[in-house]
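Computed from a predicted structure; not experimentally measured. Every heavy atom of this structure was used, including side-chain atoms; hydrogens, water molecules and symmetry mates were not.
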Amino acid sequence: MTAMLNQYLGRIQQLGSPVLRVVANTVPPSMFGTSALTGLVRNMVDSMNAANGAGIAAPQIGESWRVFVVHGTGKNPRYPYKPTVPLTVFVNPEIEVIDPTPMHLFEGCLSVPGMRGQVSRASQVRCSAYHLDGTKFVVRAQGHVAGTLQHELDHLDGVLFPDHAQAQGLMTSSAFEEHHRDAFFTYAMQLNDEYPEPLTWELGHAPDADALQELLESAPELTGPAAHGEENADNETTSMRVTPKVAVGKSEAPPHPVTYAAELTWTGGRLERNVYITVGADGRIATVQRNIDTDAETALVALPHRVLLPGFVNAHSHAFQRGLRGLGEDYPTPSAGDPRPSFWTWRNAMYKLVRDLDSKEAFKEQTLQCFREMAAAGITTCGEFHYFHHTSTPSNAAEEDYGLDEMVIAAAREANVRVVLLNACYQRGGFDNRPLSNGQERFQTSDLEKYWEQMDRLQMLLDEDPTRGDSLGAVVHSLRAVDVPALQHMAAEAHRRKLPLHVHLEEQPQEIADCIDAHGVTPLALLLQSVPTHALERLCAVHCTHSTREELDQLIAAGGGVCICPLTEAALGDGVFTAPEATEGVVSLGTDCNARIDMFEEMRWLEYSQRLSRGQRGVFPSVNPADNTGNLSRQLLDCATVHGARHLGIDTGCFIPGQWADFALLDLDAAALVGAGDDTVVGAAIFGGSGEGLVVNSCVSGTWTKAL
């Protein structure tokens, strides 16, 4: 028993541990209901009980998640005055002060042993949070329980009770016992009389104590060094991890704040001089200033002859298709009856590549090369629309191993590109429900429950390194590849989990004709009539080359968006996006088949393709009624940064505090920029440059791809 108590107590992080001083990570929707979350809470409860605590937060056992637990037994030897409260788990809690009348409490903390401090807390608060299964609840707390909730929420924001106490209000526990205990206990009991309802449920209900205890007992126990309070070489307790780590690149974010001062920096509408961007140790932008006095803890890095742009966001990619580069570009005179070269004949070459990539190693090598080229082109975030799942051809659902999914994550991290893994559901070969062809079988998603279980596993892999900002999205490959019930299921579950939902849509006229034959409406119309409007708010439709303005208006009004891939749509002979008016010029950009990886060229041809189609200049400014400045360069750069970030659900794309520190660093002396003034550098880069000649480095959440 003594050994077990020591194990539980050994987990508790104490004052000075870095994990207690950072803002904890929000628990993602995919983590609810998993053994990982339940196991985390079990470890928290065991440690709290072993130390006679009245509450505990995840950072206190070394886990940086927004979770805390409270439990008032009514007979706690450390806090005998605290009322009875059922064991309650608060996931992603938020607190609203109802009555700010202060209570003057002498608080203690498991992470600040041997100390007490006088702290003022609001007397009544409302707290909204989630149960372990993701069900939302709201409680109103008063008196001591209100104080406990505020204390625990502080832990999730990197705050400890001594931060609130005046110096004269801090004391050792023995001094508290000798000089203040009796008077405070009298006051504490008066608070119980004044606030007789410590916890009231306004939404939901209190957890069933027996059911919760049974659930926690069935959860996995903490394993590894942290279970025994062992320390690593850096004298920091090793954190609990449920799944193995994915290999990451060798470069790391700096341990202290760094301020970058480029010669020219993008500030949202133009390039400016004398702008200083400070990046915190968490990989996010801390400040953006025009004058700065650096302190001893902040390094100043001058970047003369350099332009600092937000890192480019590639909203749509199939990285493995980079292996088709240079192939399929010979067009001998066809024989009678041969199909005309098109998107559909190009797919045959793609299916051959799928067969050739017959191992995890071969797939990763191809994918890694693509991501490395993206990093070199200034792309810092990639929405990888991934449907090539299985290591070998499965004969049934049990053989669908999803073995290539993790290879995408590993390759992106090795190349220093943030990945939003847009994991695809792919069920059938066409609107007529034909089975998948031989080239498509490794894309197969025959069991939606298994698909979401895989998404949960992937989320845990991504959570291994939360400082990178990698994330997940759901994908319906296309409406020809899934039936309507699957479409509805995917949309509903993605909405519940608050994930972006991407779909290929109306890229080819044949796709539209086949859908009309099967359903009597176009694919976009089928989407709109099958999916509730509220579930479209995070949907990104890719291509929409032949979509009508009327139907796109409905998608945009519901909060959906459009991603255009100009170079791929040209390479495959898809056509030109016909309805930019519906989007008012707000689209994201993707490199799609990756025959060419250059966001400057994607921006350029987003506008140029419209000029060729319409016989006029300045098409995108003309469809944006909200901006009468006609600043095309800014509009196109937003398509390559801000709008892509929104379609992927990532905090990036612009330089404001709290966003990820993602940079594309350009050479101001590059040939394409010679003679350009400060106001025309971006335009010169977009309309006269290329990634190879302009981009000298990229940075993802504070980590540079190459040493500066």
Side-chain angles (χ1 to χ4, degrees), residues 4-5 7-9 11-12 24 26-63 65-79 82-95 110 125-142 144-153 155-156 197-223 227 240 242 456 460 496-497:
M4 185 174 294
L5 285 174
Q7 171 184 328
Y8 297 151
L9 293 172
R11 298 173 185 158
I12 297 176
T26 299
V27 174
S30 59
M31 198 169 168
F32 286 103
T34 65
S35 59
L37 180 58
T38 309
L40 168 64
V41 172
R42 172 181 177 170
N43 297 326
M44 293 168 60
V45 172
D46 288 344
S47 299
M48 176 183 69
N49 291 339
N52 291 319
I56 194 168
Q60 292 182 270
I61 65 164
E63 295 297 324
W65 294 108
R66 297 192 76 79
V67 182
F68 66 70
V69 173
V70 298
H71 188 200
T73 63
K75 51 185 178 181
N76 187 306
R78 296 182 76 232
Y79 308 105
K82 289 196 173 184
T84 301
V85 175
L87 176 64
T88 307
V89 182
F90 294 75
V91 183
N92 294 341
E94 296 180 359
I95 284 182
L110 303 181
V125 299
R126 176 176 290 110
C127 181
S128 63
Y130 295 86
H131 291 297
L132 289 171
D133 63 359
T135 305
K136 185 175 182 178
F137 67 90
V138 179
V139 295
R140 185 177 70 253
Q142 56 180 228
H144 291 293
V145 178
T148 299
L149 297 188
Q150 292 168 78
H151 175 106
E152 300 303 337
L153 187 68
H155 277 298
L156 307 188
E197 297 182 0
L199 199 66
T200 304
W201 292 77
E202 296 184 341
L203 175 66
H205 52 80
D208 180 278
D210 293 336
L212 179 57
Q213 188 63 38
E214 182 179 350
L215 177 65
L216 295 179
E217 289 176 354
S218 68
E221 179 61 284
L222 180 67
T223 59
M240 183 264 292
V242 179
D456 291 335
M460 294 303 298
R496 187 186 75 81
R497 295 178 180 231

Taking all non-hydrogen atoms of both residues, which atom of Tyr79 and which atom of Ala54 are closest, and how far apart?
CD1-CB, 4.0 Å

When rounded to the nearest 0.5 angstrom, what distance separates OG1 in Thr148 from NZ in Lys82?
3.0 Å

Any idea which heavy atoms bring Gly55 and Glu152 closest together, and the distance?
C-OE2, 3.2 Å

Might you point out which heavy atoms bring Thr200 and Glu197 nearest each other, and give the distance in Å?
OG1-OE1, 3.6 Å

Could you pull out the closest heavy-atom pair between Gln150 and Val125, with the gap in Å?
NE2-CG1, 3.7 Å

Check: Asn92 side chain, Thr26 main-chain N or O, donor-acceptor pair, under 3.5 Å:
no

Could you give the distance from CE (Met48) to CG (Asn43), rounded to the nearest 0.5 Å?
12.5 Å

CA sep, side-chain torsions, deciding dist, call: Leu132, Leu212, side-chain contact (heavy atoms from CB on, under 4.5 Å):
CA-CA 9 Å; Leu132 289 171; Leu212 179 57; 4.1 Å; yes

Holding to ring pair (Phe, Tyr, Trp, His ring centres under 6.0 Å), I want the full list of residues that pass it with Tyr130, two or more places apart in sequence or in another chain.
Phe32

To the nearest 0.5 Å, how far apart are CG in Asp456 and OG1 in Thr34?
6.5 Å

Dump the intermediate steps for side-chain contact (heavy atoms from CB on, under 4.5 Å) on Leu37 and Val67, then the final yes or no.
CA-CA 9 Å; Leu37 180 58; Val67 182; 4.2 Å; yes

Applying side-chain contact (heavy atoms from CB on, under 4.5 Å), run through Ile56 and Ile61 and close with a yes or a no.
CA-CA 9 Å; Ile56 194 168; Ile61 65 164; 4.0 Å; yes

Using a 4.5 Å cut-off on heavy atoms from C-beta on, say whether the side chain of Ser128 contacts that of Lys136.
yes

State whether the side chain of Arg66 and the backbone N or O of Pro93 hold a donor-acceptor pair below 3.5 Å, judged by distance alone.
no

Pairs where residues 198-215 contributes a residue and the test salt bridge (Lys or Arg N to Asp or Glu O under 4.0 Å) is met, not counting sequence neighbours:
Arg126-Glu202, Arg140-Glu202

Applying side-chain contact (heavy atoms from CB on, under 4.5 Å), run through Leu216 and Leu87 and close with a yes or a no.
CA-CA 11 Å; Leu216 295 179; Leu87 176 64; 4.1 Å; yes

Taking the side chain as every heavy atom from C-beta outward, state whether Pro59 and Phe68 have any pair of such atoms under 4.5 Å apart.
no

Hey, what do you get for CG (Leu149) to NE2 (His144), rounding to the nearest 0.5 Å?
13.0 Å

Identify the two heavy atoms, one from Cys127 and one from Phe90, that lie closest to each other, and give their separation to 0.1 Å.
SG-CD2, 3.8 Å

Can you tell me how far the CZ atom of Arg42 sits from the CG atom of Leu40, to the nearest 0.5 Å?
12.5 Å

Does Thr88 reach the side chain of Val69, with side-chain heavy atoms less than 4.5 Å apart?
no

Closest non-hydrogen atoms of Ser47 and Arg11, given as atom of the first, atom of the second and distance, are OG-CD, 3.4 Å

I want to check something: taking the side chain as every heavy atom from C-beta on, are Val45 and Val89 in contact at a cut-off of under 4.5 Å?
no

